[in-house]
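One structure coming up, written as structure tokens, with questions to follow.
Start at 1 with the first residue, then count along the sequence.
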Amino acid sequence: MKVRCFALLALCVSLATAPLSQAATIVLGASKDASIFQNNVGNSSGAGNGLIAGTNAQSSPRRGAIAFDIAGALPAGAIIQDVKLHLTLASVAGSGGGDGGNSPTNVTIDLRRLTKNWGEGTTLQQSPPTDNVGGQGQGAVAGNGDATWNSNFHGTSLWTTPGGDFAAPSASLLVDALTNVAKTWTSAAMITDVQSWLTNPSGNFGWMLVNQSEAASSTARTFYSSEVATAAFHPQLEITYATATVPEPGTIVLGLAASGCCLVVARRNRTVDLNA
């Protein structure tokens with residue numbers, strides 16, 4: 001009887017004090033995004049309409065950087081359960097006929113966590129906004145603070161490695177050539193990235209899009225950036241997370257009452273044993 005009472009007591013206390021988990025999903029727009037160009041190391045595209053990953057007809061790589069304000073949107077202490085990055089494909093290298101349309105049908109694009117901060121700037125900004133990504137594949141002369149192939153902040157500081165400082169791939173995706181269709185990256189490593197950015201916002205520099213086929217020509221994929229006119233084309237980060245909630249007062253009272261009853265029973269049993 002004594003063992004059962006203490007087991008019941010432990011159960012009641014755990015039920016009374018255990019936090020309840022509430023799951024939610026939020027969709028974030030990019031806080032900044034930009035493209036950089038290997039053959040034009042002083043050019044940028046911080047406010048351009050396209051995020052480019054891959055090469056042009058001369059096998060010169062382009063890379064796209066993107067970041068999201070995690071700590072500004074999620075509650076402190078949230079547990080990240082799932083992460084999906086949705087980017088809508090705007091164009092494929094060669095679709096304009098400039099390189100003969102020799103782009104491969106599918107390319108693999110890595111999502112790599114950036115390890116150094118970078119600037120977005122206003123280079124190639126369209127006014128009024130449009131959805132046109134044509135004519136932006138070389139970037140334009142960077143302004144102060146823009147990210148370029150050589151600089152994380154143009155005129156102020158350089159990448160440690162030209163082309164950006166980033167970690168091993170957090171996710172990889174085989175991207176086809178179907179335009180105006182969203183492509184989605186998701187992985188356990190992306191969950192780890194977002195969780196770390198929530199815990200340590202000062203280390204949140206986002207991801208770099210890096211095409212695995214940078215040695216071949218005409219592999220570029222251009223995705224719509226956050227600057228385009230059509231909101232449905234904007235980059236989206238979909239996050240599912242759980243939060244801990246304080247137990248309801250009724251649950252606590254019920255647990256404590258049951259615990260009290262258990263103690264009374266145990267005390268009575270002890271009295272009977274002493275009088276036996």
**Asked** Hey, are Ser226 and His234 close enough side-chain-wise for a donor-acceptor pair under 3.5 Å?
**Response** no
**Message:** Which heavy atom of Ser217 sits nearest to which heavy atom of Ala57, and what is that distance?
**Reply:** CB-O, 3.5 Å
**Residues forming a salt bridge (charged side-chain N to carboxylate O under 4.0 Å, His left out) with Lys32, sequence neighbours excluded** = none
**Request:** Applying salt bridge (charged side-chain N to carboxylate O under 4.0 Å, His left out), name anything that partners Arg221, two or more places apart in sequence or on another chain.
**Result:** none
**Message:** With a 4.5 Å cut-off on side-chain heavy atoms, are Val175 and Leu87 touching?
**Reply:** no
**Request:** Identify the heavy atoms of Gly50 and Ser35 that sit nearest to each other, and give their distance.
**Result:** O-OG, 3.1 Å
**Message:** Quick check for you: to the nearest 0.5 Å, what is the distance between Thr161 atom OG1 and Asn150 atom CG?
**Reply:** 11.0 Å
**Message:** Quick one, Leu111 with Leu209, criterion side-chain contact (heavy atoms from CB on, under 4.5 Å). Give me CA distance, side-chain angles, the key distance, then yes/no.
**Reply:** CA-CA 5 Å; Leu111 201 62; Leu209 294 161; 3.6 Å; yes
**Asked** Which ILVMFWY residues can you reach from Phe37 by hopping between side chains whose heavy atoms are under 4.5 Å apart?
**Response** Ile52
**Prompt:** Roughly how far, to the nearest 0.5 Å, is CD1 of Ile70 from CG of Asn200?
**Reply:** 12.5 Å
**Request:** Drop me the distance from Thr108's OG1 to Leu173's CG, to the nearest 0.5 angstrom.
**Result:** 8.0 Å
**Asked** Under a single-linkage definition using a 4.5 Å side-chain heavy-atom cutoff for Ile, Leu, Val, Met, Phe, Trp and Tyr, are Phe233 and Leu51 assigned to the same hydrophobic cluster?
**Response** no
**side chain to side chain donor-acceptor pair (under 3.5 Å) partners of Asn39, counting only residues at least two apart** = Ser60, Arg62, Gln138
**Prompt:** Are any side-chain N or O atoms of Ser187 and backbone N or O atoms of Ser170, one a donor and one an acceptor, separated by less than 3.5 Å?
**Reply:** yes
**Request:** Mind listing the closest non-hydrogen atom pair of Asn117 and Asn152 along with its distance?
**Result:** O-ND2, 2.9 Å
**Message:** How long is the straight-line distance from CG of Leu89 back to OG1 of Thr222, given to the nearest 0.5 Å?
**Reply:** 7.5 Å
**Item:** Any residue meeting side chain to side chain donor-acceptor pair (under 3.5 Å) with Thr160, in chain and number order, not counting sequence neighbours
**Value:** Lys116, Asp165
**Item:** Remaining members of the apolar cluster that contains Leu174, side-chain heavy atoms under 4.5 Å
**Value:** none
**Prompt:** Which residues, ordered by chain and number, are linked to Val141 in its hydrophobic cluster, where ILVMFWY side chains connect at heavy-atom gaps below 4.5 Å, directly or through other members?
**Reply:** none
**Asked** Rounded to the nearest 0.5 Å, how far apart are CD1 of Ile239 and CD of Gln81?
**Response** 12.0 Å
**Shared hydrophobic cluster, Leu237 / Tyr224 (ILVMFWY, side-chain heavy atoms < 4.5 Å)** = no
**Co-members of the apolar cluster containing Val210 [side chain, <4.5 Å]** = Ile36, Val41, Leu114, Trp118, Trp149, Trp159, Phe166, Phe205, Met208
**Request:** Quick one: do Val83 and Asp193 satisfy side-chain contact (heavy atoms from CB on, under 4.5 Å)? Show the steps, please.
**Result:** CA-CA 9 Å; Val83 174; Asp193 290 345; over 6 Å; no
**Message:** Going by side chain to side chain donor-acceptor pair (under 3.5 Å), name the residues that satisfy it together with Gln195, two or more places apart in sequence or in a different chain.
**Reply:** none
**Prompt:** Between Thr55 and Asn211, does any side-chain donor sit less than 3.5 Å from a side-chain acceptor?
**Reply:** no
**Request:** Determine the interplanar angle of the Phe223 and Trp185 rings, folded into 0 to 90°, and report it as parallel if under 30°, tilted if 30 to 60°, perpendicular if over 60°.
**Result:** perpendicular
**Prompt:** Between the side chain of Asn132 and the main-chain N/O of Gly134, is any donor-acceptor distance below 3.5 Å?
**Reply:** yes
**Item:** Minimum heavy-atom distance Ala171-Thr186, with the two atoms named
**Value:** CB-O, 4.4 Å
**Complete:** Between Ile26 and Ala73, the two heavy atoms sitting closest are CD1-O, 3.7 Å
**Message:** Does Gln212 form a side-chain contact (heavy atoms from CB on, under 4.5 Å) with Asp110? I'd like the steps, not just the answer.
**Reply:** CA-CA 7 Å; Gln212 289 187 6; Asp110 294 336; 2.8 Å; yes
**Prompt:** Does Thr199 reach the main-chain N or O of Ser196 with its side chain, forming a donor-acceptor pair under 3.5 Å?
**Reply:** no
**Request:** Give a yes or no answer on whether the side chain of Asn204 reaches the backbone of Phe68 with a donor-acceptor pair at less than 3.5 Å.
**Result:** yes
**Message:** Using only atom types and a distance under 3.5 Å, with no angle test, would you say the side chain of Asn40 pairs donor to acceptor with the backbone of Asn43?
**Reply:** no
**Asked** side-chain contact (heavy atoms from CB on, under 4.5 Å) between Thr230 and Thr88: does it pass, once the steps are laid out?
**Response** CA-CA 11 Å; Thr230 301; Thr88 300; over 6 Å; no
**Asked** Judged by atom type as modelled, is there a donor-acceptor pair below 3.5 Å linking the side chain of Ser225 to the main-chain atoms of Glu227?
**Response** yes
**Request:** Using side chain to side chain donor-acceptor pair (under 3.5 Å) as the criterion, list what pairs up with Thr192, not counting sequence neighbours.
**Result:** none
**Prompt:** Quick check: does any side chain N or O of Lys183 sit under 3.5 Å from a backbone N or O of Leu178, one acting as donor and the other as acceptor?
**Reply:** yes
**Complete:** Contacts of Asp82 meeting salt bridge (charged side-chain N to carboxylate O under 4.0 Å, His left out) (sequence neighbours excluded), chain-then-number -> Lys84
**Request:** Taking the side chain as every heavy atom from C-beta outward, state whether Val181 and Asp176 have any atom pair closer than 4.5 Å.
**Result:** no
**Item:** Donor-acceptor pair, side chain of Thr148 and main chain of Ser44, under 3.5 angstrom
**Value:** no
**Item:** Shortest non-hydrogen separation from Thr115 to Ala167 and the atoms involved
**Value:** CG2-N, 4.2 Å
Side-chain donor/acceptor pairs under 3.5 Å, residues 120-127, sequence neighbours excluded:
unit_1: Glu120; atom_1: OE2; unit_2: Asp33; atom_2: N; d: 3.1
unit_1: Thr123; atom_1: OG1; unit_2: Asp146; atom_2: OD2; d: 2.4
unit_1: Gln126; atom_1: NE2; unit_2: Leu124; atom_2: O; d: 2.9

**Item:** Leu85 side, atom CG; Trp207 side, atom CH2 - distance, nearest 0.5 Å
**Value:** 6.0 Å
